[in-house]
**Q** 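One structure coming up, written as structure tokens, with questions to follow.
Counting starts at 1 for both ligands and their atoms, in listed order. Source: prediction; values computed, not measured.
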Amino acid sequence: MQIRVLGSAAGGGFPQWNCGCPNCRGVREGTIKARPRTQESVAISADGQLWFLLNASPEIRQQIESFPALHPRGPRQSPIGAILLTNADLDHCLGLLSLRESHPILVYATDQVRRGFTEGNVLYRTLERFPGQVTWRTLDLGREIALTGPGRPGGLRVQAIAVPGKPPVHLEGLAMPAPEDNIGFRIMDVRGGGVLAYLSGVGQVTEAVREVMEGADCVFFDGSLAILAGLGARRRILIHINNTNPLLREDSPERATVEAAGWEVAYDGLEVTL
Ligand SMILES: [Zn+2]
């Protein structure tokens with residue numbers, strides 16, 4: 001399995017447009033050892049030809065352009081087979097609206113996340129201009145399914161894991177909180193090319209979350225590290241990093257501490273092969 005980090009920052013990116021914290025100011029002025037980051041999104045592929053995006057960030061156009069494997073190979077073509085959503089937060093969904101150029105797209109999400117993005121959203125009509133413009137495939141908690149692109153299997157299987165979290169800010173008070181609001185992925189290469197645990201917004205490490213992390217070759221994670229000592233995964237990578245986080249500074253003591261514990265800090269362009 002090939003993995004490419006397209007964006008590694010939390011919502012708002014780094015630097016964030018309205019933030020003048022020491023991190024954001026420092027990275028703008030080039031006075032700290034840190035690199036700018038776009039909002040969280042990761043591309044994965046079993047064969048290097050057909051790709052799947054984990055989340056669709058507001059910076060999706062720039063992120064696709066930043067990675068030649070995602071460039072079209074002909075007129076009206078895209079190597080992006082489908083997009084998987086971890087939740088209905090705007091920084092994970094807004095990019096879908098940017099893929100409106102009359103191109104059929106396939107989205108994997110829980111029913112709760114699909115409703116959170118489509119219902120009462122007049123802008124969604126831009127993705128309903130012709131029948132079949134968007135095809136939704138339901139991710140049921142715990143059920144493992146094959147990932148397919150348009151007309152062909154992707155060589156990957158995915159299982160959705162409930163992850164404690166909150167409904168998106170714009171849906172607060174509109175929808176009842178549900179376990180399907182926020183999920184992580186366990187993704188397996190069917191030819192034995194590794195297991196990825198993708199957990200980019202963990203409010204609390206449950207037994208199920210811990211189990212998925214234990215069985216993975218590579219873990220992407222955002223949440224409390226304190227309870228994760230001794231995790232066996234070969235690659236352990238922090239993602240969805242907030243602009244104020246001292247970990248963004250490559251020479252900070254906080255960075256040294258997590259690295260000493262075997263964790264890497266994701267950056268845009270990081271590639272992992274399992
Ligand atoms: Zn900041």
**Q** Among Ile, Leu, Val, Met, Phe, Trp and Tyr joined by side-chain contacts under 4.5 Å, find the other residues sharing a cluster with V212 and list them by chain and number.
**A**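 ILVMFWY cluster around V212 also holds I161.
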
**Q** Before accepting this row, confirm whether a basic side-chain N of the pair R152/D47 lies closer than 4.0 Å to the acidic partner's carboxylate O.
**A** yes

**Q** Indicate the atoms forming the closest heavy-atom contact of T138 with R143, along with that distance.
**A** O-NH2, 3.5 Å

**Q** Which protein atoms of type N, O or S are found under 2.8 Å from the Zn ion (ligand 1)?
**A**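 Hits for the Zn ion (ligand 1) below 2.8 Å: C19 SG, C21 SG, C24 SG, N243 OD1.
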
**Q** How far apart are the C-alpha atoms of W51 and F67, what are their side-chain angles, what is the distance that settles it, and do they pass the ring pair (Phe, Tyr, Trp, His ring centres under 6.0 Å) test?
**A** CA-CA 11 Å; W51 289 83; F67 184 36; 5.1 Å; yes

**Q** Taking NZ, NE, NH1 and NH2 as the nitrogens, is one of them in R235 or E264 under 4.0 Å from a carboxylate oxygen of the other?
**A**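 Yes.
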
**Q** Is NZ or CZ of R37 both nearer than 6.0 Å to the six-membered ring centre of F14 and within 45° of the ring axis?
**A**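 The answer is no, since R37 fails at least one limit relative to F14.
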
